[in-house]
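Structure, as structure tokens:
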Amino acid sequence: MKKLLKRGTSKITGSLTKKNIFLFLLLLLIVSTSFSQNIYSKKFLEQSSMEELNAYLKVSGKKKQTGTIMSVAGPVTLLAGGIIFNEHWNKNGDVSYTKTDIGGWMIVAGFVSTIVGVPMLITGSSRVKRITGIMNAKSVSFEIGPCSFCNSLAQNSQAGIAFSLKF
């Protein structure tokens, strides 16, 4: 009876430990994600210098490129693994386990690559778009264009030229 109780207790503590480790890793992921969201918020980026914006743009561009590669290579690997698995899975009972295992692992790797690559591509693209929009707004531009001035004394509008300078 003691052995049975000990085995049951060790199973419970083992599963609790696994659950605690999983919850800790999930919490760590959420915290790190929230910190990275702060960096790429519009308010924070508007206060950043051009050098910082260039550094953030470089990191976001790499993330976008990695996401593109993973989201293209994932389905290709998934398809190739499916073909390999299907070719070596014989209906007559003669199964090549090594080649079917390789095909199966390629299917899993392609699926995981696609699942990870698509969100990376989406977040990288949105960050690049946000940063380039802020960089364009911060750049120096000089515009000359027509406009109309309202003369309060004469109570009429007069044509003129407007100079606009953005920093």
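Heavy atoms only, all atoms of each residue included: Lys64 and Leu121 are closest at O-CD1, 3.7 Å. The shortest heavy-atom contact between Val128 and Gly61 is CG2-N, 3.8 Å. Heavy atoms only, all atoms of each residue included: Val116 and Pro119 are closest at O-CD, 3.4 Å.
Remark: the backbone N or O of Ile122 is not paired with any side-chain donor or acceptor of Ser125 at under 3.5 angstrom. Judged by distance alone, the side chain of Ser113 and the main-chain N or O of Met70 form a donor-acceptor pair under 3.5 Å. Between the side chain of Glu87 and the main chain of Ile84, no donor-acceptor pair closer than 3.5 Å is present. Remark: side-chain polar atoms of Asn136 are paired, donor with acceptor, to backbone N or O of Thr132 under 3.5 angstrom.
Tested against Leu57 for a side chain to side chain contact (heavy atoms under 4.5 Å, CB included), the candidates Arg130, Arg127, Met135, Lys62 yield a single pass: Met135.
How far OG1 of Thr66 is from NZ of Lys63: 9.5 Å, rounded to the nearest 0.5 Å. Once rounded to the nearest 0.5 Å, the distance linking OG1 of Thr100 with CG of Asn86 reads 11.5 Å. In this structure, CD1 on Ile102 lies 12.5 Å from CZ on Phe85, to the nearest 0.5 angstrom.
Under the 4.5 Å side-chain heavy-atom criterion for Ile, Leu, Val, Met, Phe, Trp and Tyr, Ile115 and Met120 are members of distinct hydrophobic clusters. Under the 4.5 Å side-chain heavy-atom criterion for Ile, Leu, Val, Met, Phe, Trp and Tyr, Phe111 and Met106 are members of distinct hydrophobic clusters. Under the 4.5 Å side-chain contact rule for hydrophobic residues, Ile134 and Val59 share a cluster.
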Query raised in the report: Run the side-chain contact (heavy atoms from CB on, under 4.5 Å) check on Ile131 and Ser60 step by step: do they pass?
Result: CA-CA 9 Å; Ile131 292 169; Ser60 299; 3.7 Å; yes

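Counting heavy atoms of neighbouring residues, nucleotides and ligands inside a 6.0 Å radius, atom CD of Glu52 exceeds 12 of them.
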